[in-house]
Amino acid sequence: MPFGSETGRRTPGSAGTPDGRSAPGSPAPISRGSIRRTTTVDARPDGTWQAGTLIDARGRDLVADGGGHTREHATHRFRARVDQDGTLRDADDTTGDAADGRLPAELVGIDSRRGFRRALTAYFGQAGGAGLQAVLLDDLPGMRIISGYAQVQQHAPARPADQRPSPVIGVCAGWAAGGTAATSGEALPRMLMSRPPAVDLGGADERVWHSDPPPPRAGMRRRRLIEVTPDTVTGVYGYFRDTYCRPDGIEVVVHEYEITATVAAGVGGLQVVRELTARPGALPFPECPAAAATDVRLHGVPLGEIEPEVRLRLVGPHGCTHLNDLLRTLRLVEPMTTLFRATRGEPNQ
């Protein structure tokens, strides 16, 4: 299904200016004949970030038929605690709905940083790794990383520039050697102080997003969306946003991207990426949007090889760790297509 007025729409707002600091728009309601997965993962300090991180993760799969009527297919929620050494624990609060969202016992007590995604694959298997619970858990290593932005904001006034935590130089386009972030000790705290406000994604329209509570103050929120419209040529729309909620309750955007893609059978019948466009929204530094141009490197890649190819082709200053994380969700296109057809009683093709 081609893109246009149905798939990948956004409400009015800018899609990113050259300095990467524009206020974004918002995804439109689910398209007809589609399946949409939305997830939200919140991270806040357990008293202090040094003591640990408290996680609240929620997600939903929504299906729309050819007439545009929607049906909630699945939801999942869990709460967790990550110790100061990175060890994953169940949340201390197991009352109410949190009691229904405990972590799998096999994953409690493991390191949420190193080798965590391998542990998820071992536990869920390749097929189960595309499920809603697994996808929410898959975001925990990333949440650990982006919590560093909140820590910088919290400690920036009190720490000398050379003592503030920062990513490794050369890890991505935004932290390229010689760039704004790499050459200015004040770039990171200044960036956080000048972020654009986050627009509400969908408001009360649950065809856009599942219901979320207000973001945690002095915490981080990561929201993802992937929508698949199965057809001979399958349409894909993806959206990704990291935000920081200031202590005064104002939520601001730190990272934002959206992608549109088409997928179809290639040589040997494998589903491959036919077209792929990445569009930057609000990003931290002037150099960040340049990473979006590297999406062309994935044209023709089979969906089953997306993850290793992203790691191979989009590394260092040629890529963006956050855009790469969004591109990884293309691995979900085939299992979500299978799920969509199962909900309609259709045979998988």
Side-chain angles (χ1 to χ4, degrees), residues 9-11 13 23-30 34-46 53-64 70-82 91 93 95-103 131-140 142-144 146-147 149-150 195-227 237-258 281-282 322 325-326 329 332:
R9 293 175 299 169
R10 303 181 79 187
T11 57
S26 177
I30 186 173
S34 299
I35 181 168
R36 172 176 288 194
R37 173 171 291 172
T38 51
T39 60
T40 306
V41 183
D42 291 334
R44 60 185 175 89
D46 187 9
T53 304
L54 300 178
I55 300 291
D56 187 355
R58 303 168 297 281
R60 182 191 68 176
D61 287 342
L62 186 70
V63 177
T70 61
R71 178 168 61 88
E72 188 177 85
H73 175 71
T75 62
H76 188 77
R77 181 179 187 178
F78 71 83
R79 290 175 177 164
R81 181 181 185 276
V82 178
D93 176 14
T95 60
D97 56 5
D100 299 324
R102 298 184 70 89
L103 297 169
L132 193 52
Q133 182 186 36
V135 167
L136 285 167
L137 285 163
D138 182 86
D139 256 334
L140 293 190
M143 295 305 295
R144 178 86 177 179
I146 67 170
S147 70
Y149 286 94
R195 304 311 299 147
V199 299
D200 188 10
L201 297 184
D205 190 345
E206 294 205 354
R207 297 172 303 161
V208 178
W209 214 278
H210 58 266
S211 177
D212 275 322
R217 296 194 178 200
M220 302 296 295
R221 167 167 285 184
R222 170 164 288 183
R223 303 182 91 173
R224 292 182 183 272
L225 180 159
I226 180 168
E227 178 174 309
Y237 172 65
Y239 179 78
F240 173 98
R241 190 177 81 178
D242 289 337
T243 58
Y244 169 66
C245 186
R246 300 183 332 207
D248 62 5
I250 302 298
E251 185 183 11
V252 296
V253 182
V254 180
H255 308 107
E256 182 194 46
Y257 279 103
E258 67 175 359
H322 306 285
D325 231 10
L326 176 56
T329 61
L332 303 176

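Across Thr243, Asp242, Asp325, a single residue satisfies side-chain hydrogen bond (donor to acceptor under 3.5 Å, both in side chains) together with His255, and that is Asp242. Considering Arg144, Arg221, Arg224 in turn, Arg224 is the only one that fulfils the salt bridge (charged side-chain N to carboxylate O under 4.0 Å, His left out) rule with Asp139.
Interatomic distance, OG1 of Thr39 versus CG of Leu136, reported as 5.5 Å (0.5 Å rounding). Remark: Leu132 CG to Thr75 OG1 distance equals 7.5 Å, nearest 0.5 Å. A distance of 11.0 Å separates CG in Leu54 from CG in Asp42, rounded to the nearest 0.5 Å. The CD1 atom of Ile35 sits 10.0 Å away from atom CD1 of Ile226, with the distance rounded to the nearest 0.5 Å. Distance check, rounded to the nearest 0.5 Å: CG of Leu225 to OG1 of Thr40 gives 10.0 Å. In this structure, the separation between CZ on Phe240 and CZ on Arg222 is 3.5 Å, given to the nearest 0.5 Å.
Annotation for Arg223 and His210: closest pair NH2-O, 4.4 Å, computed over non-hydrogen atoms. For the pair Leu326 and Gly238, the tightest heavy-atom approach, listed with the atom from each and the gap, is CD1-C, 4.1 Å. When all heavy atoms are compared, the tightest approach of Ala218 to Ala150 is O-CB, 4.1 Å. The two residues Ser147 and Met220 have their closest heavy-atom pair at CA-CG, 4.0 Å. Scanning all heavy atoms of the two residues, the minimum distance from Ala43 to Ile55 falls at CB-CD1, 3.9 Å.
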Please test Asp56 against Arg77 for salt bridge (Lys or Arg N to Asp or Glu O under 4.0 Å), starting from the C-alpha separation and ending with a verdict. CA-CA 8 Å; Asp56 187 355; Arg77 181 179 187 178; 2.7 Å; yes
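A heavy-atom distance below 4.5 Å is not found between the side chains of Arg37 and Thr329. Looking at heavy atoms from C-beta onward, Val199 lies in side-chain contact with Arg241 at the 4.5 angstrom threshold. Looking at heavy atoms from C-beta onward, Pro213 lies in side-chain contact with Arg58 at the 4.5 angstrom threshold. Side-chain contact between Pro247 and Arg217: absent, with no pair of heavy atoms (C-beta onward) separated by less than 4.5 Å. Inter-residue side-chain proximity for Val254 and Ile146 is flagged as unmet; no heavy-atom pair is nearer than 4.5 Å.
Of the possible polar contacts, one joining the Arg36 side chain to the Val208 backbone as a donor-acceptor pair under 3.5 Å is found. Proximity of a side-chain donor or acceptor of Arg195 to a complementary backbone N or O of Val253 within less than 3.5 Å is detected.
Between the side chains of Asp61 and His73, not a single donor N or O lies within less than 3.5 Å of an accepting N or O.
The aromatic rings of Tyr237 and Tyr239 lie parallel to each other, with less than 30° between the two planes, well short of the 60° mark.
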